[in-house]
Amino acid sequence: MIRILVQTEPFDLGAEAERLEIGSETGAVVTFTGRVRDVADGLQYMELEHYPGMTEKALSAIAEDAMSRWPLAGLTIIHRHGRLAPGDRIMMVATASRHREAAFDAARFLMDYLKSRAPFWKKEVSKDGSDWVDSSDADEAALKRWTSV
Amino acid sequence: MIRILVQTEPFDLGAEAERLEIGSETGAVVTFTGRVRDVADGLQYMELEHYPGMTEKALSAIAEDAMSRWPLAGLTIIHRHGRLAPGDRIMMVATASRHREAAFDAARFLMDYLKSRAPFWKKEVSKDGSDWVDSSDADEAALKRWTSV
Amino acid sequence: MKVQVLYFAWLRERIGEGRETVETEAATIADLVEELRAREPRYALAFSDMKAVRAALDQELVPLDTRLNGAREVAFFPPMTGG
Amino acid sequence: MKVQVLYFAWLRERIGEGRETVETEAATIADLVEELRAREPRYALAFSDMKAVRAALDQELVPLDTRLNGAREVAFFPPMTGG
């Protein structure tokens, strides 16, 4: 069961986790929540741009890949776009499985792929100007964990 | 900020995650929720015994260890005891950090230690009788991840 | 051949629009970049460092030497920063 | 020397109580196990496979050859199954 949402509105982490807690075969649910952090010179807001159409396709492909790699009962990806304030939630993933190993691995896999393969771009706006957030070499390197297998 | 609760009552995962989302330095919150799974011959309930006094000490020691290994803004451990039905939540951990790596690693570390080093014992009661859940070699082996460093 | 060309993030800002229809005979995405660059300085500026540019063909991430092959939509953007 | 002895899970069930005060001259936890075993069959049964028994001294997990050294509380239990 894959659930993918791309939206400007906030989401309810507790309710999303509960959606995955169905039946009595799911022993483990892992969630990750990403939030807007402040920057050195005081963030006014973050503007999250995305590529409508491709975003949904990319998230679905990443989700299907996770479902094929681990025995998951379900997974959820919610990613916001638009204007976000410091401390706002940006996105979440949640994974459900019989055991903790699969749930943890799959959540981490989803995050590693979302960071570098989902078409979102972050712009940080502070009183001194604005900057597009650079992609990180560490994030690109993190993907290698999953391809060397 | 360490929060540890040992209780018979259910807990509110969403509210617990939100407690860790303080300020604008925390970019990542990871949660793990463990649930009672059914067994082959139909679980009536699970009885969770623990060692009052030692439980709180052991959980505190595991939590302090995690705080010293990773740059965490906070972590939460809630573990229930008493009688639980199939599908009930048994326990949760939550970790908060600037970045996802520390939050994921710390949550996994907490789970690995809770499995084999927190004084809880699970008894599964089905209509055909009852059985104490055996500890798993895989759980014991999982601890090695953290000691070989 | 008519193709929809999309720009995101600072590529969009430098070029000044997010989407346009381009008439092109380019065989590959890289050829299309050359044609655009030759048009106007704002394109030359946007495409000055191709190591910082990624492309998608009909909404699939692809290398820059990929052939257009009748694609309807080509998108240019910096490395993604999701999550 | 008087020491509180606690039993959990199937050790508690086999011995038939969760806690008792024991008068002992044992030097180590293993010595205490020997004393208990000699007492009654239910103790011998509970302690028949020591590979399946863990111990805590004053609420700290310790090896079975640990010296009692005036400890107030000794606990016996199977490998833990938390989480």
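Below, chain A is the first sequence line, B the second, and so on; all start at residue 1.
- Only the side chain of D/Arg12 comes within contact range of chain B, with heavy atoms under 4.5 Å apart.
- Both the backbone and the side chain of B/Arg117 have a heavy atom closer than 4.5 Å to some heavy atom of chain D.
- With a threshold of 4.5 angstrom between heavy atoms, B/Lys57 approaches chain D through side-chain atoms but not through N, CA, C or O.
- Here the closest non-hydrogen pair linking B/His50 and D/Phe8 is O-CE2, 3.3 Å.
- For D/Arg42, the CZ atom is densely surrounded, since the number of other residues' heavy atoms within 6.0 Å is greater than 12.
- No side-chain donor-acceptor contact under 3.5 Å links B/Lys123 to the backbone of D/Trp10.
- Most heavy-atom pairs under 4.5 Å with chain D: of the set B/Lys122, B/Glu47, B/Met91, this distinction falls to B/Lys122.
- Expressed to the nearest 0.5 Å, how far CZ of D/Phe77 lies from OH of B/Tyr51 amounts to 7.0 Å.
- Of the listed residues D/Pro78, D/Ala52, D/Gly18, D/Ala75, the one with more heavy-atom pairs under 4.5 angstrom with chain B than any other is D/Pro78.
- Here B/Ser135 is the residue among B/Ala58, B/Ser135, B/Ala61 with the most heavy-atom pairs under 4.5 Å with chain D.
- In this structure, no portion of B/Asp139 lies under 4.5 Å from any heavy atom of chain D.
- Interface residue D/Ala56: only side-chain heavy atoms are found under 4.5 Å from chain B.
- Counted within 6.0 Å of CG on B/Asp128, heavy atoms from surrounding residues, nucleotides or ligands total more than 12; the atom is thus considered enclosed.
- Top candidate by heavy-atom pairs under 4.5 Å with chain D, chosen from B/Glu140, B/Arg80, B/His79, is B/His79.
- Within the 4.5 angstrom heavy-atom criterion, no atom of B/His81 approaches chain D.
- The heavy-atom pair separating D/Thr81 from B/Val133 by the smallest distance is CG2-O, 3.5 Å.
- The local environment of CZ in D/Arg67 is sparse, with at most 12 non-hydrogen atoms from other residues, nucleotides or ligands closer than 6.0 Å.
- To the nearest 0.5 Å, atom CE of residue D/Met80 and atom OG1 of residue B/Thr55 are 9.5 Å apart.
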